[in-house]
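The block underneath contains the structure these notes are about, expressed in structure tokens.
Here is the naming used below: chain letters follow the sequence lines, and residue numbers restart at 1 for every chain.
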Amino acid sequence: MIDLRALRDNPDVVRASQVARGDDPALVDAALDADARRRASLAAFEELRAEQKAMGKQVAQAQGEEKQALLARTRHLAEEVKARSREAEEAAATLDATLWKISNVIDGAPSGGEDDYVVVKHVRTPRDFAAEGFEPRDHLALGEGLRAIDMARGAKVSGARFFFLTGIGARLELAILNAAMDQAIAAGFTPVITPTLVKPETMRGTGFLGAHADEIYRLEKDDLYLVGTSEVALAGYHADEIIDLADGPARYAGWSACYRREAGSAGRDTRGIIRVHQFHKVEMFSYCRPEDAAAEHQRLLGWEENMLALVDLPYRVIDTAAGDLGSSAARKFDCEAWLPTQNRWLELTSTSNCTTFQARRLGVRERTEDGSTRAVATLNGTLGTTRWIVAILENHQQADGSVRVPEGLRPYLGGLEVLEPVSG
RNA sequence: GGACGGGUGGCUGAGUGGAUGAAGGCGCUCGACUGCUAAUCGAGUAGUCGCCGUAACGGCGGCUCACGGGUUCGAAUCCCGUCCCGUCCGCCA
């Protein structure tokens, strides 16, 4: 949720942000209008309510006929107070509903849609397989050769976009996630294994129930949602709390399964494990002071890049355009690894600065020097996912279908240097 | 799933219809005292919304005693529903 006071003071900034995202700028005026009506009705109610309370005290002291006379008057007043209270509540609800529809104000993100990202940099050069003299296999061909990925049985048991990781595939996923966890711990993050089912208010608070609500699995019978990332649970972790950030950001590394319906992506990435309904992820999550958020964002990006260095992948960093940010993010950087068999870049990490947007929705605040409270900033970023297997297999494959294990990952695979195909 | 008991401020814990946003204690902050610390004494110590106002500090009012509804002139207190916690029983791993 955006800051109502900021909206009052600088409505043009919010309008411009909405336009840059391709969202509706008229929501700003609807909110301002609702705010004015709310304040007017609130003042009317408060005045009457104060009068009612004052008379209540007189009633308590009065005796006999005097008391009866007072009671006759207060009875009427009570009805009036109730009516005004309803009006004020309705006006507040209207304002609230409008405010919740407005996306976070962008902060530095390029204008435009999905294709209007800005490439920040490239790191490491993709291999030239033609020069090496062989046609690269895609991750599924490699994964099947290694007996690491089993799509057919995934479909048999659970349906399309489900899979089994077996043998070295299972070990490889654990290696990635454990390496990510170790790096996070070394950087001072508190490791957390989170719930993957959350209540509606938690899901709503993180901003995932807006335009992309179709992406989320819902258990109707229990009124719970399956999270698409542990960000959801970690954002809710400190909901309705006043936290202490005097010693720096509160940083958590969440390990969880992630569930996505992929409702709008029929036909996209149907081969292999690039786009699936369930995977695992280690996610960084940081609560920090609003003025530190931009710097913290760069730090999260830095830790993501450290992980990509650990697995020795060529990648680029993009500054995502406004229209492709989630509703909560003010700015987002993605790291995309090269996918040689498709001649394209594949998102492996994504780090968002949600500024105070999520925290305001979830009621996460800090105490300031002068004793008041204010919303904190929240940020998140990926440290490792199941999808990384795709990039690792394809980029480190060898002509015979074996795969070189990047050195950084070897300690997590018992020193294994090469993954060998299984014959038969 | 059934039966009880309970949810009050940062914590603990009183309050069972009338000036109680809430006693007492703990903790914390400030001050006094003491070579220092401790102890002691004094003062202060929830959040939020609105109105007024300042250079700054502020003043007034509304709301909040798990959440939602109801009764009443008036609810932390009575009634109903929901959620959560505890104990016991049952059931299933």
When the P atoms of A22(B) and G47(B) are considered, how many whole Å apart are they? 14 Å
With no hydrogens and no angle check, just 3.5 Å: does a side-chain donor-acceptor pair link S328(A) and N104(A)? no
Taking atom types as modelled and ignoring hydrogens, do the side chains of Q358(A) and R361(A) form a donor-acceptor contact shorter than 3.5 angstrom? no
Rounding to the closest angstrom, what is the interatomic distance between G31(B) and U16(B) at atom P? 40 Å
Would you say the side chains of S41(A) and E87(A) form a donor-acceptor pair under 3.5 Å? no
Canonical and wobble pairing (Watson-Crick, G-U, under 3.5 Å) of RNA chain B, dot-bracket with |: ((((((((.[[[..)..(.....]]]((((((.......))))))(((((((.....))))))).[[[[[..)....]]]]])))))))....
Atom CD of E79(A) and atom P of C73(B) are separated, to the nearest Å, by 10 Å
For the P atoms, the ones on U77(B) and on U71(B), what distance do you get once it is rounded to whole angstrom? 15 Å
Which word best sums up how the rings of H277(A) and Y217(A) line up, parallel for under 30°, tilted for 30 to 60°, or perpendicular for over 60°? perpendicular
Is a side-chain N or O of E262(A) found less than 3.5 angstrom from the main chain of R275(A), in a donor-acceptor match? no
Would you say the side-chain atoms of D150(A) and T166(A) include a donor-acceptor pair closer than 3.5 Å? no
Would you jot down, in residue-number order, the residues of residues 197-208 of chain A having a non-hydrogen atom under 4.0 Å from RNA chain B? none
For every nucleotide of nucleotides 51-69 of chain B, 5' to 3': is a protein heavy atom under 4.0 Å from its base (B), only from its sugar-phosphate (S), or from neither (-)? S---------BSS------
If I take atom CG in residue D244(A) and atom C1' in nucleotide C28(B), what distance separates them, rounded to the nearest angstrom? 13 Å
With respect to Y412(A), which candidate in L174(A), D182(A), V405(A) satisfies the side-chain contact (heavy atoms from CB on, under 4.5 Å) definition? D182(A)
Atom pair CZ (R218(A)) and CG (L209(A)), whose distance is rounded to the nearest 0.5 Å: 9.0 Å
Describe, in one word, how the ring planes of Y287(A) and H238(A) are oriented to each other, choosing from parallel (under 30°), tilted (30 to 60°) and perpendicular (over 60°). perpendicular
Restricting to nitrogen or oxygen on both sides, can you table the protein-nucleotides 46-48 of chain B pairs closer than 3.5 Å?
from: G47(B); atom 1: OP1; to: R367(A); atom 2: NH1; distance (Å): 2.4
from: G47(B); atom 1: O3'; to: R365(A); atom 2: NH1; distance (Å): 2.9
from: U48(B); atom 1: OP1; to: R365(A); atom 2: NH1; distance (Å): 3.1
from: U48(B); atom 1: OP1; to: T373(A); atom 2: OG1; distance (Å): 2.2

Apply ring-ring contact (aromatic ring centres under 6.0 Å, His included) to F189(A) and list each qualifying residue two or more places apart in sequence or on a separate chain. W303(A)
Rounded to the Å, how far apart are L48(A) CG and G50(B) C1'? 15 Å
Is the shortest side-chain N/O distance from Q52(A) to OP1 or OP2 of G74(B) below 4.0 Å? yes
Partner of L379(A) under side-chain contact (heavy atoms from CB on, under 4.5 Å), picked from T355(A), L301(A), D292(A), N353(A), is N353(A)
Apply ring-ring contact (aromatic ring centres under 6.0 Å, His included) to Y237(A) and list each qualifying residue two or more places apart in sequence or on a separate chain. Y252(A)
Taking only N and O in the side chain of K82(A), is any of them less than 4.0 Å away from OP1 or OP2 of C73(B)? no
Does a side chain donor of either T229(A) or K281(A) reach within less than 3.5 Å of an acceptor in the other side chain? yes
